[in-house]
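Data block below; observations after.
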Amino acid sequence: MEEQIFVFKTSIKTERDRQNICSLLNATEGVADWNVDLDDCDRVLRIVTATLDAVSIIELINQKGYLCIELD
């Protein structure tokens with residue numbers, strides 16, 4: 001399956017918030033790469049995956065208590 005890049009607006013605001021999702025995303029099978037831009041007003045989370053869909057990613061981030069909305 002081909003890798004896709006998903007982009008989300010999040011409520012991840014601080015480095016501590018980023019660390020909270022770090023272990024989750026690093027341990028999630030199918031996440032090839034990810035990063036979050038804390039300097040962007042939308043706190044953009046970018047995830048590269050060949051197996052996950054946007055809904056699964058949103059649910060993962062929501063479980064940690066953060067807002068996560070897919071951007072077009």
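Since we're looking at a predicted model, the values are computed, not measured. FYI, side chains are in, hydrogens and waters are out, and symmetry mates aren't considered; it's all heavy atoms of this structure. Along the sequence shown, the residues carry numbers beginning at 1.
Between T14 atom OG1 and N20 atom CG the span is 7.5 Å, to the nearest 0.5 Å. Rounding to the nearest 0.5 Å places SG of C68 at 11.5 Å from CD of Q63. Rounding to the nearest 0.5 Å gives a distance of 11.5 Å between OG1 of T10 and CD1 of I58. With rounding to the nearest 0.5 Å, the separation of CZ in R18 from CD1 in I12 is 9.5 Å. To the nearest 0.5 angstrom, Y66 atom OH is 10.5 Å from K13 atom NZ. Rounded to the nearest 0.5 angstrom, K64 NZ and S11 OG are separated by 13.0 Å.
In this structure, V48 is not a member of the same hydrophobic cluster as F8, with clusters built from ILVMFWY side-chain heavy atoms closer than 4.5 Å. The hydrophobic clustering, which links ILVMFWY residues whose side-chain heavy atoms are closer than 4.5 Å, places I21 and L38 together. Taking hydrophobic clusters as Ile, Leu, Val, Met, Phe, Trp and Tyr residues chained together by side-chain heavy-atom distances below 4.5 Å, L45 shares a cluster with F6.
Side-chain N or O atoms of N62 include none that pairs as donor or acceptor with a backbone N or O of E59 at under 3.5 Å.
With sequence neighbours excluded, the residues that form a salt bridge (Lys or Arg N to Asp or Glu O under 4.0 Å) with D42 are K9. Residues meeting the side-chain hydrogen bond (donor to acceptor under 3.5 Å, both in side chains) test with R43, sequence neighbours left out: none.
With a 6.0 Å radius and a threshold of 12 heavy atoms from other residues, nucleotides or ligands, Q19 has its CD atom above the threshold.
Looking at heavy atoms from C-beta onward, L25 lies in side-chain contact with I61 at the 4.5 angstrom threshold.
Counting only N and O atoms by type, the side chains of S23 and N26 include no donor and acceptor under 3.5 Å apart.
Among I57, T49, L60, the one residue that satisfies the side-chain contact (heavy atoms from CB on, under 4.5 Å) test with T28 is L60.
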Quiz item: Checking side chain to side chain contact (heavy atoms under 4.5 Å, CB included) for the pair L52/Q4: CA distance, chi angles, key distance, verdict?
Solution: CA-CA 9 Å; L52 298 174; Q4 294 181 301; over 6 Å; no

